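Notes follow once the structure below has been shown.
Residue numbers count from 1 along this sequence. Since this is a predicted model, take the numbers as computed values, not measurements.
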Amino acid sequence: MRKINIALIGCGFLGQRHLKTLHALKNKVNIVAICDHHLEHAKPLGRQYHVPIVQDYRELKGQIEAVSICTPTITHAQIAAFFLESGVHTFVEKPITFSLEEADELIKIAKDKNLKLQVGHVERFNSAFTTIEPIAQNPLFIECHRLNLFPNRSLDIGVVMDLMIHDIDIILGLVKAPIKDIQAVGINVLTDKEDIANVRITFTNGCVCNVTASRISPEVTRKIRIFTKSAYISLDYAKQEANMYSKDERGIHKRSIPIEKEEPLKKELEHFIDCVRDDLRPKVSGIDGRDALKVALDINKKIWEHRQSISS
């Protein structure tokens, strides 16, 4: 099996998880280098994984076939554009970029150069979700709760772009209909951006979704409940557990859905590597990342419009 020469850009919390995962996939990749402009982040990792360190990602031009970008959102567009223009297949963590214009530019470069552009919406690779996805089609109502401890990271974006965007991506993939209306509220508690938000999305096909995200919760929760015409499905991403409730003339019946638990990030990065090596279409393309970003930006706009209306 041909190994892919790859580099990691960004050695923060998420970048370290990527590095550990890529190291576990060493039968499929050669980690050419890790890059972080804070050398104190990169040096211990370089020693631990026996990987060269660079401080400027531009030094990697001509050395790699693929790249994983785990830097702050505001830098995604510049770094991803550099590698795509250099002919490098690019994985970029969510959200794809800070603006739609930046996302459009990355999508165009990738298309023009026939390169893979994959966005890190990791829940698409959660075994619990991939197991229930075939039976969760044509939903009528969806409820999501994604609550987290205060992260002390990703503070360049609010909770909608940081956490809720995962559920937005999942919802768009399940509903497959245009959005009719968005109602949203949110408040900032520990930062100058929204730290908790609640959103109600109505689609043209009648499906309604209630979505709550918080990064100031005392506990971690990752749950989605999906109601279809014939069943109710309850899924816990964190535990990778799912139950389905269905009814017949005898009443309501609950059954546990068997799930083969796997590490979602490993499946996600392995998928990207396979797409590069075997010329496959990424499950979460740049266009998918843009679609989720657009809804997240629309929600943010609604949140701050609401804040202004009640303060005036």
Side-chain angles (χ1 to χ4, degrees), residues 3-84 86 88-98 118-123 125-126 148-157 159 161-163 166 190-191 215-216 220 222 238 261-274 276-277:
K3 289 188 177 184
I4 302 298
N5 289 330
I6 193 169
L8 170 71
I9 315 299
C11 296
F13 174 81
L14 197 53
Q16 291 179 41
R17 291 189 60 207
H18 275 236
L19 180 58
K20 180 179 178 180
T21 303
L22 290 171
H23 180 74
L25 293 170
K26 57 188 176 183
N27 62 319
K28 292 192 172 187
V29 298
N30 293 313
I31 305 174
V32 173
I34 57 175
C35 173
D36 198 300
H37 64 276
H38 296 295
L39 285 179
E40 66 271 19
H41 292 168
K43 283 181 178 179
L45 297 171
R47 290 192 295 268
Q48 180 180 352
Y49 291 98
H50 307 288
V51 178
I53 301 165
V54 298
Q55 195 168 12
D56 186 340
Y57 61 86
R58 289 166 291 192
E59 296 176 33
L60 296 169
K61 186 174 183 178
Q63 298 184 44
I64 56 175
E65 188 177 353
V67 68
S68 175
I69 299 171
C70 299
T71 58
T73 303
I74 197 71
T75 66
H76 285 183
Q78 179 181 343
I79 298 173
F82 171 83
F83 283 109
L84 288 168
S86 302
V88 176
H89 301 284
T90 299
F91 179 101
V92 59
E93 264 300 341
K94 59 80 199 163
I96 178 173
T97 51
F98 203 72
Q118 182 173 326
V119 185
H121 288 282
V122 70
E123 297 293 24
F125 297 87
N126 190 304
N148 206 22
L149 309 175
F150 189 68
N152 286 312
R153 61 180 181 83
S154 297
L155 301 183
D156 59 323
I157 52 178
V159 75
M161 297 270 272
D162 183 20
L163 295 182
H166 282 297
L190 298 178
T191 73
R215 58 182 180 187
I216 52 171
V220 176
R222 305 269 193 278
K261 295 183 179 181
E262 298 178 275
E263 171 52 48
L265 181 59
K266 183 177 181 182
K267 289 175 65 178
E268 180 181 50
L269 291 176
E270 188 170 22
H271 173 73
F272 172 62
I273 295 160
D274 291 344
V276 171
R277 190 189 61 242

Report the distance from atom [atom1] of [X] to atom [atom2] of [Y], rounding to the nearest 0.5 Å.
X	Y	atom1	atom2	value
E262	E268	CD	CD	13.5 Å
L269	R17	CG	CZ	9.5 Å
F272	R277	CZ	CZ	12.0 Å
K94	D162	NZ	CG	4.5 Å
Q78	F83	CD	CZ	11.0 Å
R215	I157	CZ	CD1	7.0 Å

Partners of [X] by side chain to side chain donor-acceptor pair (under 3.5 Å), sequence neighbours excluded?
X	answer
E59	none
D56	R58
R222	none

Can you confirm whether [X] sits close enough to [Y] that some side-chain heavy atom of one is under 4.5 Å from a side-chain heavy atom of the other?
X	Y	value
E93	V122	no
I6	I64	no
V88	F82	no
L19	Q16	no

| What do you reckon, is NZ of K267 surrounded by more than 12 foreign heavy atoms closer than 6.0 Å? |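 Yes, the 6.0 Å shell around NZ holds more than 12 heavy atoms from other groups.
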| query | Applying the side chain to side chain contact (heavy atoms under 4.5 Å, CB included) test to L22, which of I273, L265, V51, I4 qualifies? | reply | I273
| Pairwise salt bridge (Lys or Arg N to Asp or Glu O under 4.0 Å) hits with a residue in residues 71-84, at least two apart |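 The answer is none; no pair qualifies.
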Show every donor-acceptor pair shorter than 3.5 Å between a side-chain atom in residues 29-50 and any protein atom, with sequence neighbours excluded, or say none if there are none.
from : atom 1 : to  : atom 2 : distance (Å)
N30  : ND2    : N5  : OD1    : 3.2
D36  : OD1    : H38 : N      : 2.8
D36  : OD2    : C11 : N      : 2.8

| said: If I compare all heavy atoms of K3 with all of K26, which pair ends up nearest, and what's the gap? | reply: NZ-O, 2.9 Å
| query | Which heavy-atom pair separates L8 from G15 by the least distance, and what is that distance? | reply |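 The pair with the smallest heavy-atom distance is CD2-O, 3.2 Å.
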| task | List in chain and number order the residues that pass side chain to side chain contact (heavy atoms under 4.5 Å, CB included) with T71, two or more places apart in sequence or in another chain; answer none if no residue qualifies. | result |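 Result, side chain to side chain contact (heavy atoms under 4.5 Å, CB included) vs T71: I9, I69, T75, H76, I79.
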| task | Take D274 and K28 through the side-chain contact (heavy atoms from CB on, under 4.5 Å) test and state the conclusion after the steps. | result | CA-CA 9 Å; D274 291 344; K28 292 192 172 187; 3.0 Å; yes
| said: Can you tell me how the ring of H271 sits relative to the ring of F125, calling it parallel under 30°, perpendicular over 60° and tilted otherwise? | reply: tilted
